[in-house]
Amino acid sequence: MDKRVSIGVVVALAATFFRLAPAQAADPQIGYVSLQRAILEVEEGKRAKDKLKKTFEKKQGELTKKEADLKALKDAIDSKSTVANEDDKTKAQKAEFQNKLMELQQTFMKEQQELQAQEQKELSGITERMRGVIKDIGNAGGYQLILEIQDSRLLFAKPHLDLTNEVI
């Protein structure tokens with residue numbers, strides 16, 4: 001009876017070994033992609049970035065003009081306020097300056113939020129299409145895992161695992 005148990009254990013271990021051997025022999029396919037770099041290098045991404053840059057420059061020019069107007073108003077108020085006794089006109093100008101300063105700050109924040117929303121809208125379609133390409137590359141290449149790297153968070157990987165050029 002001990003002999004049959006020993007043979008059974010050996011057979012079970014051998015079966016387990018042969019079942020696991022192919023799984024251990026095959027290296028898992030792993031890759032990584034820099035979506036940010038891919039977006040910046042594809043034509044559609046370049047056009048989107050150029051469009052966003054032009055919008056930013058236009059809004060920046062408008063804000064710079066408002067800022068210059070505000071600075072001129074402040075300079076005018078400062079030159080008049082050297083008189084020890086402030087008149088009603090000077091007080092009104094200071095109040096106007098404070099209002100315009102607050103408006104400028106609000107406009108800046110609003111413009112910044114609009115630019116971020118526009119960037120998200122422009123790039124989301126490109127990103128979704130790239131995710132489809134990455135999925136196709138993963139299925140065709142037998143990859144078990146493809147990671148996205150951002151902002152140099154990848155500490156180490158062999159260069160042949162970088163699939164960014166294929167995505168582009």
Under the side chain to side chain contact (heavy atoms under 4.5 Å, CB included) rule, collect the residues that match up with [X], sequence neighbours excluded.
| X | value |
| --- | --- |
| Arg131 | Leu35, Thr127, Glu128, Glu148 |
| Asp136 | none |
| Lys51 | Gln118, Glu122 |

Where Ala48 and Leu123 come nearest, the two heavy atoms and their spacing: CB-CD2, 4.1 Å
Non-hydrogen atoms of Ser34 and Thr164 that approach each other most closely: N-OG1, 2.9 Å
Rounded to the nearest 0.5 Å, what separates atom [atom1] in [X] from atom [atom2] in [Y]?
| X | Y | atom1 | atom2 | result |
| --- | --- | --- | --- | --- |
| Gln36 | Glu41 | CD | CD | 11.0 Å |
| Gln60 | Glu67 | CD | CD | 8.0 Å |
| Gln120 | Leu115 | CD | CG | 13.0 Å |
| Glu119 | Thr55 | CD | OG1 | 11.0 Å |

Residue pairs passing the salt bridge (charged side-chain N to carboxylate O under 4.0 Å, His left out) test where at least one lies in residues 98-113, sequence neighbours excluded: Lys59-Glu111, Glu96-Lys100, Lys110-Glu114
Members sharing Ile30's hydrophobic cluster (side chains within less than 4.5 Å): Tyr32, Leu145, Leu147, Ile149, Leu154, Leu161
Lys53/Lys49 under side-chain contact (heavy atoms from CB on, under 4.5 Å): CA gap, chis, key distance, verdict: CA-CA 6 Å; Lys53 185 179 177 184; Lys49 285 291 186 181; over 6 Å; no
CA sep, side-chain torsions, deciding dist, call: Ile168, Arg37, side-chain contact (heavy atoms from CB on, under 4.5 Å): CA-CA 9 Å; Ile168 294 170; Arg37 189 184 114 213; 4.0 Å; yes
Side-chain touch Ile137/Val167, heavy atoms, less than 4.5 angstrom: yes
Do [X] and [Y] sit in one hydrophobic cluster, given that two such residues count as connected whenever their side-chain heavy atoms are within less than 4.5 Å of each other, even indirectly?
| X | Y | answer |
| --- | --- | --- |
| Phe97 | Leu104 | yes |
| Leu52 | Val42 | no |
| Leu63 | Phe56 | no |

Short N-O contact, Lys71 and Asp75, less than 4.0 angstrom: yes
Basic-acidic side-chain contact under 4.0 Å: Lys46, Asp50: no
Check: Gln29 main-chain N/O paired with Gln144 side-chain donor or acceptor under 3.5 Å: yes
All salt bridge (Lys or Arg N to Asp or Glu O under 4.0 Å) counterparts of Lys121, not counting sequence neighbours: none
